[in-house]
2 protein chains.
Amino acid sequence: MNTHQTHIETLALLARTLGNAHRLALLEHIAQGERSVERLAELTDLSLANASQHLQHLKRAGFVQTRREGKNVLYRLGTGPIAPLLVALRDYADHQQARIHDLVADSRSHPARLEPISREELLRRMSEESVTLLDVRSEDEFALGHLPGAINIPVEELERRLAELPAKQNIVAYCRSPYCVLSVDAVAALRAHGLAAQRLANGFVDWKAAGLDVETATRVYDPGP
Amino acid sequence: MNTHQTHIETLALLARTLGNAHRLALLEHIAQGERSVERLAELTDLSLANASQHLQHLKRAGFVQTRREGKNVLYRLGTGPIAPLLVALRDYADHQQARIHDLVADSRSHPARLEPISREELLRRMSEESVTLLDVRSEDEFALGHLPGAINIPVEELERRLAELPAKQNIVAYCRSPYCVLSVDAVAALRAHGLAAQRLANGFVDWKAAGLDVETATRVYDPGP
DNA sequence: CCACCATTCAATCAATGTGTTGAGCATTGC
DNA sequence: GCAATGCTCAACACATTGATTGAATGGTGG
């Protein structure tokens with residue numbers, strides 16, 4: 001029984017390492033490329049010593065590795081299935097969000113999910129007519145990768161940035177995963193303003209998993225001086 | 001009221017909920033079927049009140065749901081992609097274990113991975129001759145599902161339970177995932193005792209993912225009405 | 001080999017998380 | 001209704017984690 005205890009204890013330890021917003025933020029920045037401690041502290045708005053401590057915590061769990069370059073210690077992502085773990089975590093979070101949203105929607109007797117369109121349907125439409133792709137996730141998620149040609153307007157800014165959208169084109173909104181419900185809100189808001197909008201059924205994760213083109217923000221890797 | 005939580009804080013909160021060995025243990029027991037608080041407290045060796053608190057923690061994060069039956073409150077697994085999350089966590093842990101193991105192995109100049117056999121190869125052999133399948137994971141993991149006809153001997157008990165294995169048959173040992181390295185140890189131990197043993201390359205996860213038959217020990221979760 | 005500087009370590013305090021106790025509150029059986 | 005049962009809640013003590021400071025380390029570049 002002693003070894004099993006150790007095994008589950010190990011899992012808990014790993015989960016706990018991810019159980020801190022600052023460490024997750026550091027991890028996301030590191031996922032975009034090697035960064036020095038100083039740069040990471042800047043990016044995450046942490047003190048140098050604090051960032052260093054969190055980074056060592058991550059390192060102990062194997063989520064990051066280090067190497068020295070000149071005066072700087074550069075942190076990079078560790079080996080192993082880290083991405084699947086983070087994706088699973090986000091997927092679950094999306095589902096939770098959707099669940100809460102559904103409760104609210106039910107109480108208001110909302111109709112269903114505003115008939116989402118599939119990836120195939122989207123591809124077909126993109127080849128036949130012009131479609132405006134609207135990415136309603138946060139800016140940093142958008143920067144990490146999005147559908148080619150998509151416009152990024154986080155859902156909470158949508159109402160006051162409607163002007164950025166072409167009035168004549170059909171709009172397809174999407175967010176992360178099938179569970180992510182931001183796009184439902186977005187479509188509802190767009191339609192309320194008289195725009196032709198639909199949502200993509202399975203979101204960005206599905207698109208990427210299908211091996212389709214993904215665009216990333218201009219500056220992907222900036223090692224600095 | 002500061003209910004505003006950034007996306008990343010939500011992720012951290014969920015991860016933190018999994019970041020406790022007792023909660024993980026509770027979750028694993030619940031995954032096997034509905035259980036009352038009392039039973040769960042027993043199974044995990046926690047006080048009643050403490051178990052109750054941890055369960056409510058899990059409930060807040062949506063990992064479990066409750067219903068009342070007579071005097072008892074029964075906890076069951078929540079909806080949403082919980083299993084993938086736990087699998088991803090375990091996979092990552094397996095990889096970490098393998099990494100440490102490799103370091104040790106390297107320092108001893110061990111040979112490579114004892115030529116693992118693929119799933120296809122295993123299936124072929126199972127159809128042609130008799131093969132003894134040896135599951136070296138812990139008993140509770142075994143209970144949650146294993147290859148059909150497999151014998152379960154946790155790797156740490158292997159040395160003193162060799163008698164349970166048929167001496168004349170070829171043995172194929174496996175554990176969870178490609179990263180899991182317990183089976184390497186097992187094969188090494190078996191060969192040291194003169195038995196014909198090989199390890200399965202990708203472990204149970206791969207087998208299950210391929211949609212092949214899985215045997216379970218205890219009754220599987222029944223959602224009821 | 002020396003001075004510099006990015007990073008880490010150590011010590012401290014505040015904040016959070018955990019486990020125990022005993023009280024409180026439903027539900028069932030009498 | 002009343003006691004018994006099963007669970008939750010509240011309050012406390014204790015352990016762990018997190019942020020801040022300032023000092024130490026150790027590799028670099030001169």
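Throughout, protein chains are lettered first and strands after them, A, B, ... in sequence-line order, and every chain is numbered starting at 1. Side chains included, hydrogens not; waters and symmetry mates left out as well; all remaining heavy atoms used.
- Here B:Arg90 pairs with B:Glu28 in a salt bridge; the nearest charged N to carboxylate O distance falls below 4.0 Å.
- The CZ-C1' distance, from B:Arg23 to C:dG17, rounds to 8 Å in whole Å.
- Atom CD of A:Glu9 is separated from atom P of C:dT18 by 12 Å (rounded to the nearest Å).
- B:Leu48 comes within 4.0 angstrom of a nucleotide base, judged by non-hydrogen atoms across all strands.
- Distance, A:Asn72 CG to D:dT25 C1': 16 Å, rounded to whole Å.
- Residues B:His29 and B:Arg35 bring no donor and acceptor atom of their side chains to less than 3.5 Å of each other.
- In the set C:dT7, D:dC7, D:dG18, D:dG18 carries the atom at the smallest distance from any side-chain atom of A:His57.
- Although no hydrogens or angles enter the test, the distance criterion places a donor-acceptor pair under 3.5 Å between the side chain of B:Gln96 and the main chain of A:Ala61.
- Under the 3.5 Å distance criterion, the side-chain polar atoms of A:Thr44 are matched with a main-chain donor or acceptor of A:Leu40.
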Report each atom pair, protein N/O against N/O of nucleotides 27-29 of chain C, whose distance is under 3.5 angstrom.
none

Between protein and nucleotides 9-11 of chain C, what N or O pairs are separated by less than 3.5 Å?
unit_1	atom_1	unit_2	atom_2	d
C:dC9	OP2	A:Gln56	OE1	2.3

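- No donor-acceptor distance shorter than 3.5 angstrom exists from the side chain of B:Arg76 to the backbone of B:Ile30, with no hydrogens or angles considered.
- With A:Tyr174 contributing its side chain and A:Arg137 its backbone, the two residues share no donor-acceptor pair below 3.5 Å.
- Protein atom CG of A:Leu13 is 12 Å distant from nucleotide atom C1' of D:dT16, rounded to whole Å.
- Separating the CG atom of B:Leu40 from the P atom of D:dG6 is a distance of 14 Å, rounded to the nearest angstrom.
- D:dA15 atom P lies 16 Å from atom NE2 of B:His22, rounded to whole Å.
- Residue A:Ala12 comes nearest to B:Leu24 through the heavy atom pair N-CD1, 3.5 Å, listed as atom of the first residue, atom of the second, then distance.
- Proximity of A:His54 to the phosphate of D:dT17: no side-chain N or O atom is located under 4.0 Å from OP1 or OP2.
- Of the candidates B:Leu190, B:Val184, B:Leu182, B:Val136 forms a side-chain contact (heavy atoms from CB on, under 4.5 Å) with just one, namely B:Leu182.
- Residue B:Tyr75 has a polar side-chain atom (N or O) positioned under 4.0 Å from OP1 or OP2 of D:dT8.
- One interatomic measurement links the two molecules: CZ of A:Arg35 to P of C:dA6, which rounds to 18 Å at whole-angstrom precision.
- Here B:Asn20 does not reach the OP1 or OP2 of C:dG17: none of its side-chain N or O atoms lies under 4.0 Å away.
- For B:Glu215 (side chain) and B:Gly149 (main-chain N/O), a donor-acceptor pair under 3.5 Å exists by modelled atom type.
- Taking every side-chain heavy atom of A:Glu38 into account, C:dA6 is the closest of C:dT18, C:dA6, D:dT8.
- Across D:dT20, D:dT8, D:dT17, the shortest atom-to-atom separation from the side chain of A:Arg16 is found for D:dT17.
- Distance alone, capped at 3.5 Å, is enough to place a donor-acceptor pair between the B:Thr6 side chain and the B:Glu9 backbone.
- Summary of helix geometry: the two end axes of the helix from C:dC1-D:dG30 to C:dC30-D:dG1, each defined by five base pairs via their C1' atoms, are inclined to each other by 30° (rounded to 10°).
- A:Gly145 and A:Thr216 make their closest contact through CA-CG2, 4.0 Å (heavy atoms, listed as atom of the first residue, atom of the second, distance).
- Among the protein residues, A:Asn50 comes within range of the nucleic acid bases, having at least one heavy atom under 4.0 Å from a base atom.
- In this structure, A:Leu14 and A:Phe63 have side chains that are in contact, with non-hydrogen atoms separated by less than 4.5 Å.
- Atom CG of B:Leu74 is separated from atom P of C:dA26 by 19 Å (rounded to the nearest Å).
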